[in-house]
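Reading through the structure tokens given below for one structure.
Remember, it's a predicted structure, so these values are computed and weren't measured experimentally.
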Amino acid sequence: MAQISIDYFSSSLMRTTTIDIILPFDGMGEAMGVDAALARGEDERTAQAAYPPEREPYRVLILLHGITGNHTDWISESRIRRWAAERNLAVVMPSGYNAFYLDQPALHNFYGRFVGQELVQVIRRILPVSNRREDTFIGGISMGAYGALRAGLKYSENFGAIISLSTAMVADTIESVVNDDIFFLSRPFLEATFGDLSQVPGSDKDPARLAADIVYCDRPRPRVFMACGSSDPLAYPNRVLADRMRATGLQVEHREMPGGHDWEFWNMALPQALDWLVHP
């Protein structure tokens, strides 16, 4: 595996941002291949030219972190390097701060456009990844699960599949989660992030509405994988959301398993999601 960190200027965010990247590149194996070619009697120039061998462009997954996190969470909290290598999958991990991957036009922080459109274009220019929608995926946990669902559905022409683990802020319950003792559930925070909370259901911040739009407008339909811990307070809202999206005609795989809203659960669920991703 190769692990890369890239700083680049994002036009959606109007600032330099950092993304971490995992590429399933086996440098040791390729070096051994050169040695094997030399042992067969090939000259050094021919042996070097044969390696690394030609490869198909990698399938790529954009992974979004949760609230209070950043692009480093996946490396520090999960075994994503090993899981990606086992599935020959490139992984791109951006930062979304605490914005729920929603656009904030007044601040020129277009986080939704950043992960749903700009980042797809950027990684296709700079990485050896496929430019096919069917090979391009987006996923996340909690806040990032919401962001992945919204971006994956809003920009469905870019994504063949979506992974959503423990989706936060299910739109039709957002008023009921207001809790001024928790900063990201306080009314000022939620209104600054989502706008008028009463207007969220049925808007383009509502994944079920976006799913219905895809079917009604006959746009490309991403496959969706959802999972949530049975002890997670979000288990019921996730179940309802999965049913609402299925009712539109989307293909939705929903799994509810023992666990809470934490990395212990996500480290159990993510390998299942990756297997579903690469072996539909």
Side-chain angles (χ1 to χ4, degrees), residues 59-64 87 89 100-103 111-113 115-117 119-120 130-177 194-195 197-230 232 234-257 269-270 272-280:
R59 291 173 292 184
V60 61
L61 168 65
I62 296 172
L63 269 182
L64 308 181
R87 294 161 181 84
L89 185 69
F100 279 85
Y101 303 94
L102 291 171
D103 296 328
Y111 294 103
R113 187 174 73 195
V115 297
Q117 191 171 61
L119 197 54
V120 174
S130 172
N131 61 7
R132 300 174 67 242
R133 169 185 173 271
E134 294 80 3
D135 296 331
T136 307
F137 318 119
I138 190 167
I141 55 170
S142 191
M143 178 186 80
Y146 169 84
L149 267 181
R150 181 180 182 272
L153 297 172
K154 186 176 178 68
Y155 299 98
S156 66
E157 66 279 2
N158 290 334
F159 300 103
I162 302 166
I163 293 173
S164 180
L165 306 181
S166 311
T167 313
M169 298 309 170
V170 177
D172 62 349
T173 66
I174 194 167
E175 282 276 9
S176 67
V177 304
F194 289 86
L197 301 187
S198 68
Q199 298 301 309
V200 173
S203 73
D204 77 343
K205 301 181 179 74
D206 180 350
R209 143 73 197 283
L210 291 172
D213 285 351
I214 285 175
V215 175
Y216 179 78
C217 299
D218 197 25
R219 293 170 51 216
R221 303 185 185 188
R223 298 179 295 127
V224 179
F225 180 99
M226 297 180 67
C228 196
S230 56
D232 190 331
L234 293 170
Y236 176 73
N238 273 252
R239 208 179 306 141
V240 171
L241 178 58
D243 287 342
R244 290 179 65 197
M245 291 196 297
R246 278 199 204 100
T248 69
L250 284 192
Q251 179 185 343
V252 179
E253 171 82 9
H254 176 254
R255 300 180 187 179
E256 191 170 307
M257 300 171 285
L270 185 56
Q272 296 184 35
L274 296 177
D275 285 339
W276 168 90
L277 195 67
V278 299
H279 302 296

Exercise: identify the closest heavy-atom pair between G116 and N158: O-ND2, 2.8 Å

Heavy-atom side-chain proximity of R244 to D206 below 4.5 angstrom: yes

Main-chain N/O of A145 paired to T167 side chain as donor or acceptor, under 3.5 Å: no

Between CZ on residue F159 and CD on residue E134, distance to nearest 0.5 Å: 13.0 Å

Beyond-backbone contact of F100 with K205, side-chain heavy atoms, under 4.5 angstrom: no

Close side-chain approach of R59 to F137, heavy-atom, < 4.5 Å: yes

side-chain contact (heavy atoms from CB on, under 4.5 Å) between H254 and R239, worked out: CA-CA 8 Å; H254 176 254; R239 208 179 306 141; 3.9 Å; yes

Interatomic distance, I174 atom CD1 to S198 atom OG [nearest 0.5 angstrom]: 10.5 Å

N-O pairing of D213 and K154 below 4.0 Å: no

Gap between atom CG of L153 and atom CD1 of I214 - 0.5 Å precision: 4.5 Å

Nearest non-hydrogen partners of M257 and A227, listed with the distance: CE-CB, 3.9 Å

Min side-chain heavy-atom separation D243-R246 under 4.5 Å: yes

Closest heavy-atom pair and its distance - A235, S230: CB-O, 4.2 Å

Nearest-0.5 Å distance that lies between atom OG in S164 and atom CZ in R150: 14.0 Å

Atom of S166, atom of N238 and distance for their closest heavy-atom approach: C-OD1, 4.0 Å

Distance-minimising heavy-atom pair for L64 and G147: CD1-C, 3.8 Å

Closest contact, heavy atoms only, R223 versus L277: NH2-O, 3.1 Å

Between CG on residue L149 and OH on residue Y101, distance to nearest 0.5 Å: 13.0 Å

By side chain to side chain donor-acceptor pair (under 3.5 Å) - contacts of T248 (at least two apart): none

Value rounded to 0.5 Å, distance of CG in L102 from CZ in R113: 13.5 Å

Trace of the side-chain contact (heavy atoms from CB on, under 4.5 Å) decision for I141 with L270: CA-CA 9 Å; I141 55 170; L270 185 56; over 6 Å; no

Qualifying residue for side-chain contact (heavy atoms from CB on, under 4.5 Å) with L61, from D135, T136, L89: L89

R133/E157 salt bridge by N-O under 4.0 Å criterion: no

Contact check, side chains of L274 and I163, non-hydrogen atoms, under 4.5 Å: yes

4.5 Å side-chain heavy-atom contact, P207 and Y146: yes

Any side-chain heavy-atom pair of M226 and M245 under 4.5 Å: yes

Which residues share a ring-ring contact (aromatic ring centres under 6.0 Å, His included) with F225, sequence neighbours left out: W276

